[in-house]
Colleague: 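A single structure is presented below for examination.
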Amino acid sequence: MKEVRERLAEALKKAVDRLPAELREGFSGQVAVVPSAKKEFGDFTSNLALKLARKNHPASEVAGFLKQALLEEHLDFLDRVEEKSGFLNFFLKKQTRAELIRTILTSPETFGSCSLGAGKKVLLEFVSANPTGPLTIAHGRQAAFGEALARILTFAGYQVTREYYHNDAGRQIRLLGQSLKARYEQLHGKDTPVPEDGYHGHYLIDLARKIKSVPEDQPDFFEKFAVEEISRSIREDLARFGVTFDSYISEQTFHQQGEVQATLRDLEKAGCLYQAEGATWFRSTSFGDDKDRVLVKGDGSLTYLAPDIAYHRYKIVRGYDLIIDILGPDHHGYVPRLKAAVAALGFPQEKIHIIIVQLTTLFRGQEKLRMSTRAGEFISLRQLMDEVGPDAAKFFFIFRRAESHLDFDLKLAKKQSLENPVYYLQYAHVRLLHLQQFAAQQGFSQQECLQADLSLLQEKEEEALIKQLGDFPGVIERISQTLEVHQLAEYLLALARFFHSWYQHHRVVNQQRALTLARLALVQALQVVFSRAMQLLNISVPDRM
RNA sequence: GCGCCUGUAGCUCAGCUGGAUAGAGCAAUGGGCUUCGAACCCAGAGGCCGCGCGUUCAAAUCGCGCCAGGCGCGCCA
């Protein structure tokens with residue numbers, strides 16, 4: 001069944017065609033139909049008339065025309081259309097509203113999904129932490145965000161590849177090896193210092209303890225050992241966090257396969273390279289960057305950017321329709337040059353989205369926790385999971401906009417009280433389960449619920465709840481366009497709120513059998529949407545508390 | 001100095017791409033358990049949407065300029 005909202009938008013488009021020509025002029029082709037902000041404004045609202053209004057044709061007049069044209073479409077689900085201060089407010093038939101529940105119950109797997117991304121391939125790169133140390137909470141936020149986005153896009157019909165770019169080459173890896181070697185020698189009585197710009201974190205001491213002996217014929221032993229061990233523990237942490245990747249790409253492989261040289265040749269062919277001051281430059285200013293960038297240094301070695309462009313070239317040649325990069329805030333200066341590179345290689349810029357996930361500041365109550373990666377003083381994702389649990393951590397990371405500088409209060413996340421939204425959701429879920437168990441004990445079956453007379457759901461709390469359920473597909477659709485994952489968390493909290501309120505005011509299992517069945521059907525529908533939303537956000541909830 | 005992000009209720013934040021009287025949660029105040037779990041619900045209170053100018057029928061939302069906070073700015077990675 002096609003969504004009511006979609007059908008309204010289509011009908012409105014047709015209605016526009018019947019307007020007097022002068023009113024059609026400014027029509028953008030876009031028709032917004034959104035859930036109404038207030039009950040008195042009906043179920044859905046459109047501002048189309050306001051958009052089309054002209055100096056001598058006020059919105060109310062246009063709205064009148066549109067309403068007239070719309071009525072000729074004979075929309076069977078519509079009760080009435082009201083025009084109010086230029087808005088068109090649509091009121092659905094009560095029956096239509098309630099039938100939504102049956103739709104959910106008969107197609108629990110697909111309700112909310114859509115064909116927006118049908119036939120489209122997305123490459124989603126995220127985390128991509130260097131294998132030089134444990135994952136930080138910044139990576140945690142990126143991981144939680146990326147995984148949820150991947151799930152939502154998949155639900156919206158996209159074919160999503162989650163990819164991790166493994167930065168296992170370059171100077172940093174040499175430094176890592178030297179740092180580990182120093183720690184190893186320190187453990188064996190020498191006072192070798194850790195290089196000044198090396199890695200001073202305690203984790204390298206732990207790693208050095210694991211080394212039993214150093215093979216003499218392997219000059220790069222420490223580098224290899226460190227990269228392997230750290231990568232492994234990164235994967236372990238991610239797995240525990242519920243995040244998995246479909247593909248790992250190694251920077252080293254790029255060098256070995258000559259990908260970087262091939263990329264340089266491509267850029268050369270496109271006329272985007274030039275020599276100056278003994279170096280090879282990429283003319284990124286032609287594509288909106290504020291200055292040109294060096295790719296090959298004076299000494300013949302590559303900058304960090306060169307293999308990264310090669311990686312993005314590899315993303316492009318694999319034929320993705322959409323490329324999404326999720327980066328930390330320390331990379332925001334990097335965005336223009338990356339976009340420039342992609343454009344220079346001939347990929348349309350509007351098909352690459354670079355999302356910068358902003359910084360998270362940790363608090364313990366009032367106390368702000370200072371962190372410095374360089375000195376090795378930070379709280380790792382692993383420590384965070386140990387302290388508050390993976391699910392609470394994920395929820396806190398996801399329920400704010402990516403661009404917002406997040407305050408994460410460890411105390412709050414652990415608190416088992418009303419201040420903690422995670423428990424609010426868990427409680428709603430547990431209540432849903434208990435209701436169903438109780439109903440089963442009282443002899444109500446799920447099959448009976450499917451036949452329930454849904455028109456009995458007349459309470460205002462029930463209307464609000466049904467309307468919220470009906471908004472679910474719209475939320476999924478919007479997120480797949482805006483990539484704003486937090487909207488699903490907002491939606492879920494609102495759903496839980498409406499449910500708690502309804503539960504408080506009305507008994508589900510009551511003396512009237514028909515009403516009980518209708519309400520149980522609503523509970524089941526809630527359970528479907530609730531579980532789906534939780535699964536998309538990658539958050540699990542307990543069955544009891 | 002330049003760039004990116006942020007500034008909305010005491011606190012943490014939404015605000016569906018420019019719409020109707022700016023919304024939640026928490027904290028504080030008052031109220032609600034003999035019935036499906038009160039980790040819940042209900043009510044009132046709380047706002048120059050950082051400041052100014054502009055665009056528009058309409059601005060928290062768009063543009064420009066300030067102010068404040070965070071982060072970044074290498075032939076480092």
Side-chain angles (χ1 to χ4, degrees), chain A residues 30 32 34-38 40-41 45 47 50-51 53-55 58-59 84-87 89 130 132 167 169-173 175 197 276-281 290-291 293-299 301-305 307-308 328-336 356 358-359 361 363 399-409 412 415-421 423-424 426-428 430-431 433-439 441-442 471 474-475 477-479 481-482 484 486-487 489-491 493-494 496-497 499-510 516 519-520 523 544-545:
Chain A
Q30 292 290 320
V34 300
S36 304
K38 287 184 182 176
E40 57 187 288
F41 300 148
T45 294
N47 63 356
L50 286 151
K51 294 273 185 214
R54 289 287 169 279
K55 281 256 152 57
K84 208 170 187 180
S85 47
F87 290 94
N89 293 326
N130 296 349
T132 52
N167 233 292
R171 200 177 83 99
Q172 49 163 358
I173 298 299
L175 274 170
D197 45 359
E277 301 162 55
T280 305
W281 295 70
D290 58 344
K291 55 181 166 184
R293 309 289 168 177
V294 171
L295 296 185
V296 185
K297 299 184 222 169
D299 65 1
S301 63
L302 298 167
T303 61
Y304 178 76
L305 183 60
D308 234 21
D330 50 335
H331 282 79
H332 68 233
Y334 208 65
V335 174
I356 300 288
Q358 284 297 332
L359 218 70
T361 313
F363 285 83
F399 93 132
R400 297 306 181 200
R401 276 156 51 237
E403 312 92 75
S404 79
H405 302 241
L406 187 69
D407 284 354
F408 192 127
D409 185 351
L412 175 61
K415 228 179 203 173
Q416 308 207 352
S417 79
L418 28 152
E419 290 168 67
N420 189 343
Y423 284 87
Y424 191 79
Q426 294 187 348
Y427 189 46
V430 168
R431 270 187 158 174
L433 290 181
H434 277 252
L435 269 173
Q436 290 175 310
Q437 281 168 16
F438 183 79
Q441 281 166 18
Q442 302 296 311
D471 288 348
V475 171
E477 200 177 296
R478 202 163 69 243
I479 295 174
Q481 283 158 349
T482 61
E484 292 177 350
H486 73 280
Q487 293 192 10
E490 291 280 341
Y491 171 83
L493 277 173
R497 202 151 44 236
F499 167 60
H500 281 311
S501 177
W502 173 59
Y503 180 94
Q504 196 75 27
H505 286 95
H506 308 287
R507 267 191 76 81
V508 173
V509 180
N510 55 62
T516 300
R519 287 184 173 165
L520 283 173
V523 166
R544 66 184 63 185
M545 302 170 68

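Below, each value reflects all heavy atoms present in this structure, side chains not excepted, and no hydrogens, waters or symmetry copies.
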Colleague: Using only heavy-atom distances, decide whether a donor-acceptor pair under 3.5 angstrom links the side-chain of H405(A) to the base of rC5(B).
Modeller: yes
Colleague: Give none if rA22(B) has no partner; otherwise give the nucleotide forming a Watson-Crick or G-U wobble pair with it, both distances under 3.5 Å.
Modeller: none
Colleague: Rounded to the nearest 0.5 Å, what separates atom CD in Q442(A) from atom CG in L520(A)?
Modeller: 10.5 Å
Colleague: RNA chain B: K84(A) or K291(A), which has the more 5' nearest nucleotide?
Modeller: K84(A)
Colleague: Using modelled atom types and a 3.5 Å cut-off, is there a donor and acceptor pairing between side-chain atoms of R507(A) and backbone atoms of V509(A)?
Modeller: yes
Colleague: Side-chain N or O of S501(A) versus OP1/OP2 of rC42(B): is the shortest distance under 4.0 Å?
Modeller: yes
Colleague: When you compare rA22(B) with rU8(B), how far apart are their C1' atoms, in angstrom units rounded to a whole number?
Modeller: 8 Å
Colleague: Using whole Å, report how far CD1 of I356(A) lies from C1' of rC5(B).
Modeller: 9 Å
Colleague: Say whether, by atom type as modelled, one donor and one acceptor occur between the side chain of H434(A) and the main chain of R431(A) under 3.5 angstrom.
Modeller: no
Colleague: Determine, for R478(A) against D471(A), whether the closest basic-nitrogen to carboxylate-oxygen distance falls under 4.0 angstrom.
Modeller: no
Colleague: Taking pairing as Watson-Crick or G-U wobble with both contacts under 3.5 Å, can you name the mate of rA68(B), or confirm there isn't one?
Modeller: rU6(B)
Colleague: Y503(A) side chain N/O closer than 4.0 Å to the phosphate oxygens (OP1, OP2) of rU35(B)?
Modeller: no
Colleague: Side chain of D407(A) only, please: which of rA39(B), rU12(B), rC71(B) is the nearest?
Modeller: rU12(B)
Colleague: For the residue pair H500(A) and Y424(A), does the interplanar ring angle fall in the parallel (under 30°), tilted (30 to 60°) or perpendicular (over 60°) class?
Modeller: perpendicular
Colleague: Whole Å only: how far is the NZ atom of K51(A) from the C1' atom of rC57(B)?
Modeller: 12 Å
Colleague: So, E40(A) and K84(A), do they make that salt bridge, N to O below 4.0 Å?
Modeller: yes
Colleague: For rG15(B), does either OP1 or OP2 sit under 4.0 Å from a side-chain N or O belonging to H486(A)?
Modeller: yes
Colleague: Report the distance from atom CZ of F399(A) to atom P of rU12(B), rounded to the nearest whole Å.
Modeller: 12 Å
Colleague: May I ask you to verify whether the side chain of D197(A) and the base of rA77(B) hold a donor-acceptor pair under 3.5 Å?
Modeller: no
Colleague: Using side-chain heavy atoms (C-beta onward) and a distance below 4.5 Å, is Q436(A) in contact with V523(A)?
Modeller: yes
Colleague: Scan N89(A) against the nucleic acid and name what it touches under 4.0 Å (heavy atoms): base, sugar-phosphate only, or nothing.
Modeller: base
Colleague: Which base sits across from rA43(B) as a Watson-Crick or G-U pair, both distances under 3.5 Å?
Modeller: rU29(B)
Colleague: Quick one: is rA39(B) close enough that its OP1 or OP2 comes under 4.0 Å of any side-chain N or O from Y427(A)?
Modeller: yes
Colleague: Find which nucleotide of RNA chain B each of V509(A) and G278(A) is nearest to by heavy atoms, and output the residue with the more 5' nucleotide.
Modeller: V509(A)
Colleague: Atom CG of N130(A) to atom P of rC76(B): distance rounded to whole Å?
Modeller: 17 Å
Colleague: Rounded to the nearest Å, what distance is computed from the CD1 atom of residue I479(A) to the P atom of nucleotide rA14(B)?
Modeller: 14 Å
Colleague: Provide the distance between the two P atoms, one in rC64(B) and one in rU55(B), to the nearest whole Å.
Modeller: 15 Å
Colleague: Between the base of rC16(B) and the side chain of R478(A), is there any donor-acceptor pair under 3.5 Å?
Modeller: yes
Colleague: Using only side-chain N and O atoms of R401(A), determine if any of them is under 4.0 Å from OP1 or OP2 of rC5(B).
Modeller: no
Colleague: Which atoms form the tightest heavy-atom contact between F41(A) and S36(A), and what is the distance?
Modeller: O-OG, 2.9 Å
Colleague: Among rA14(B), rC75(B), rA24(B), which nucleotide sits nearest the side chain of E490(A)?
Modeller: rA14(B)
Colleague: Rounded off to whole Å, could you give me the CG-to-C1' distance for the L493(A) and rC40(B) pair?
Modeller: 15 Å
Colleague: Closest approach to the side chain of Y304(A), judged atom by atom: which nucleotide of rC41(B), rA77(B), rU17(B) is it?
Modeller: rA77(B)
Colleague: Taking pairing as Watson-Crick or G-U wobble with both contacts under 3.5 Å, can you name the mate of rU35(B), or confirm there isn't one?
Modeller: none
Colleague: For rA38(B), does either OP1 or OP2 sit under 4.0 Å from a side-chain N or O belonging to R431(A)?
Modeller: yes
Colleague: Go through the N and O atoms of the side chain of T45(A) and the base of rA20(B), and report whether any donor-acceptor pair is under 3.5 Å.
Modeller: yes
Colleague: For rA77(B), does either OP1 or OP2 sit under 4.0 Å from a side-chain N or O belonging to K297(A)?
Modeller: yes
Colleague: So if I take every side-chain heavy atom of H332(A) and compare against rG72(B), rG32(B), rG37(B), which nucleotide ends up nearest?
Modeller: rG72(B)
Colleague: Could you work out which one of rC16(B), rU21(B), rC41(B) sits closest to the side chain of Y424(A)?
Modeller: rC41(B)
Colleague: Closest to the F41(A) side chain: rA20(B), rG18(B), rC41(B)?
Modeller: rA20(B)
Colleague: Report the base-pairing partner of rG1(B) (Watson-Crick or G-U wobble, both distances below 3.5 angstrom), or none.
Modeller: rC73(B)
Colleague: When rounded to the nearest Å, what value does the distance between C1' atoms of rG7(B) and rU61(B) take?
Modeller: 14 Å
Colleague: Counting side-chain heavy atoms from CB outward, which of rC36(B), rA38(B), rA77(B) is closest to L435(A)?
Modeller: rC36(B)
Colleague: Whole-Å distance between rU17(B) P and Q481(A) CD?
Modeller: 10 Å
Colleague: Which nucleotide in the set rC75(B), rA20(B), rG37(B) lies at the smallest distance from any side-chain heavy atom of V430(A)?
Modeller: rG37(B)
Colleague: Name the closest nucleotide to the E484(A) side chain, picking from rG15(B), rA20(B), rC75(B).
Modeller: rG15(B)
Colleague: Nearest to the H505(A) side chain among rA20(B), rC42(B), rG15(B), which nucleotide is it?
Modeller: rC42(B)
Colleague: How many Å lie between NE2 on H500(A) and P on rG25(B), as a whole number?
Modeller: 12 Å
Colleague: What integer number of Å spans the C1' atoms of rA45(B) and rU29(B)?
Modeller: 8 Å
